[in-house]
Amino acid sequence: MATKMVVSQVSQRSPLCDYKSSRNRNAPPRRLGRSSSSLYGLDSFSSLFGKVGSGVFQRERSLRCFLGNGATPFASRHLRESAIQAAATPSRSSNGSSSSSSSNSSIINHHNDKYRHSTHRRPLKKLRLAPSKPCKTTNVVTTTTACASAAAASGSTSSDNNGGAEVVADLPEDRLRQFQVRRLFVFLGILLGYSCYYLTRNSMTYTAPVLIASDTGKALGLDITSIGALTSIFPIAYGMSKFVSGVVGAKFPPRVMLAGGLALTGVFNILFGYSTSMAYYLIFWTANGVLQGFGGPACARVLTSWFATKERGTYWGMWNIAHNLGGFLAPLLAGNAARIYGWQWGMWAPGIVGVVMAVFVLYLVGDSPEAMGYPPVEKAPKKEKKAAQEGEEKKPEKKLESEMSLTEILFKNVLSRPAIWGMAFAYFFVYVLRQGITSWSTFYLLNAKGVADVGSAVARVSGLELGGLAGSLVAGKISDYAISRAKPGEGSVGKRVQVVMAYLVGVAGALLLFKAVPGPWAVAQWFVVFMIGFFLYGPQMLIGLCGAELVGPLSVGASEGFLGWIAYLGAANAGVPLSIIVKNYGWNAYFITLLCAAAGAMLLLAPMVNLKSAVQREAEEK
């Protein structure tokens, strides 16, 4: 009958911690912490000695405890071979009990002596295994019945470079620094890439006047109505594409979607410049609208993979300035190229930039930290099997997101959630506000405030985009701060919703000021428009972020696509319907409509002030 081997009162720290290298005996004692023990293969040593004969020490802790009995830390590899041989053929004493305990000691003493008198002292091959904790004063009891199971588990190891870290925050300092640099390049890739989407999206806007006045435009009989047909088709194609690509894109790498869509939008811009008929203009511009929908959902998936909840709002807000950056560069590149070199170059120049930038995006952007060899930024929910108690029905296991089909992702993870629908219709009203202000504020200054010319009116509303840039950054930072100060049980998405509601109150107040400021006060009007942009772009950015955090990683694209589709329906309603309201009921009705849109968004968001993210819900379910 197998006997038990008990090692009692093991010291808190083994002599290994005070071991001095034979190469430099004057060096101070070296403390081997978590990473050091893994570095020199001691954890694998541990699992080895835990299987010798009938003595099985507890997991990785066993070696340090065992070294307290005299084992030399850098024993030769023959020690392991001898130990394995001893485990395979244990000797028996006269009474039938296992004598592997004594054989273990003889093996260790023999090889320690061999090591001490050896002139060639080669340490064990460096292995990086899961870190283990130092031994505490405890009784370690092991039995022969555990030998087989311990031997079967001896091959399990963790990542070579990550030191067994489960999340990025647990990485060693040098590895963490590498991750931060890599993530910076990823962020620059999606920022510059999405900015170039705006170059190829707005190229027609600044090329169309030159096209109409050119020989090609005159030969085709192009006018404002023809250009209006092109610009009307684009948002329809874009809104539908954003929805479809968000759903289908769950099965494709986001960096491939981002780079591929950008390259193809550049190609269709170039083809547009070579075209000489209205039919081709319609085909190529519609195709451009379809491909534009690839960018937003892909960037959303990258952002949610590389940035944790506590910092995601800040970086999402920084990424959101791609709208402003691309909108700022489009007239400089497309407009100047069309004016100087001809309308074709107004399409070719953005197209070439888009194709070239797509190559850089493909190499700069990584799909996720795990794809690049790092642990996740947040602890991923694990699928745990709980044994059902007697008399209790076994609950069906929850299907993993990676095992779901596209239709399950869309209907089960996105469309079945009432919060997603509430966010979508709030987004609808926010886009009514955004498009209504950007489209009609210039006309309001000309018709109602008596501004002399279009140039003066445009100058007064030029602060809208600049205010939007600042507002997006501040909104993301405020929401991250609110989440960091949240009490246990409070939803992180709900904290962002509270910031959105506060911003909507600011939009309403800024609109009332815009109506009240007299026409001659040009500087005051510019500042009020700046504040409108500040409070307007914060909700536009944060609602998209909330929609991404409400679902799992693979469903982010579908959620963003659905929200974007509903949002662009709101933008469409700020066109002709709002123009009819202004024409029939005047500018007072225009402001009332916008204030009602702000109120509608706040009412829809009010029940969501404590909404929890997908990560929080999964943690509660476990």
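Since this is a predicted model, take the numbers as computed values, not measurements. Along the sequence shown, residues carry numbers from 1.
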Could you pull out all residues at least two apart from R183 that satisfy salt bridge (charged side-chain N to carboxylate O under 4.0 Å, His left out)?
->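 Salt bridge (charged side-chain N to carboxylate O under 4.0 Å, His left out) list for R183, sorted by chain: E311.
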For [X] versus [Y], what's the shortest heavy-atom pair and its separation?
| X | Y | result |
| --- | --- | --- |
| S559 | G547 | OG-O, 2.8 Å |
| N610 | G491 | OD1-N, 2.9 Å |
| A298 | M257 | CB-CB, 4.1 Å |
| W421 | L415 | NE1-O, 2.7 Å |
| G295 | Y194 | C-CE1, 3.6 Å |

May I ask you to test the [X]-[Y] pair for a side-chain heavy-atom distance under 4.5 Å?
| X | Y | answer |
| --- | --- | --- |
| S305 | P369 | yes |
| L445 | F514 | yes |
| L550 | R617 | yes |
| L191 | I321 | yes |
| L192 | V361 | no |
| L605 | M423 | yes |
| M608 | V493 | no |
| C546 | V497 | yes |

Is the ring centre of [X] less than 6.0 Å from the ring centre of [Y]?
| X | Y | answer |
| --- | --- | --- |
| Y444 | W587 | yes |
| Y590 | W440 | no |
| Y537 | H323 | no |

Does any N or O in the side chain of [X] come within less than 3.5 Å of the main-chain N or O of [Y], such that one atom is a donor and the other an acceptor?
| X | Y | result |
| --- | --- | --- |
| Q292 | A287 | no |
| S245 | G293 | yes |
| R255 | D367 | no |
| K612 | G489 | yes |
| T207 | M204 | no |
| Y427 | Q540 | yes |
| Q525 | R460 | no |

Could you label the plane-to-plane angle of the F179 and W306 rings as parallel, tilted or perpendicular, counting under 30° as parallel and over 60° as perpendicular?
->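 F179 and W306: parallel rings.
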Using the six-membered ring wherever Trp is involved, compare the ring planes of Y503 and F534 and label them parallel, tilted or perpendicular (cut-offs 30° and 60°).
->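 Judged by the thresholds at 30° and 60°, the geometry between Y503 and F534 is parallel.
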With K515 via side chain to side chain donor-acceptor pair (under 3.5 Å) - residues at least two apart |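 Testing K515 for side chain to side chain donor-acceptor pair (under 3.5 Å), a comparison that skips the adjacent residues, returns N588.
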Listed by chain and number, what are the side chain to side chain donor-acceptor pair (under 3.5 Å) partners of D480, not counting sequence neighbours?
->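 By the side chain to side chain donor-acceptor pair (under 3.5 Å) rule, D480 matches T314, R496.
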Is it true that the NZ or CZ of R201 lies under 6.0 Å from the centre of Y197's six-membered ring and within 45 degrees of the ring axis?
->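 Relative to the ring axis of Y197, which defines the angle, R201 lies outside at least one limit.
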Does one side chain, of Q178 or R175, offer a donor that lies under 3.5 Å from an acceptor on the other?
->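 Looking only at side-chain atoms, R175 and Q178 do form a donor-acceptor pair, the distance falling under 3.5 Å.
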When you check the side-chain N and O atoms of N288 and T265, is any donor under 3.5 Å from an acceptor?
->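 No, T265 and N288 have no side-chain donor paired with an acceptor closer than 3.5 Å.
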Side chain to side chain contact (heavy atoms under 4.5 Å, CB included) assessment of S441 paired with V529 | CA-CA 9 Å; S441 57; V529 172; 5.9 Å; no
Roughly how far, to the nearest 0.5 Å, is CG of L511 from CD1 of I592?
->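 One gets 12.5 Å once the value is rounded to the nearest 0.5 Å.
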In terms of heavy-atom contacts, does CZ of F527 have more than 12 from other residues, nucleotides or ligands at under 6.0 Å?
->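 Not more than 12 within 6.0 Å, no.
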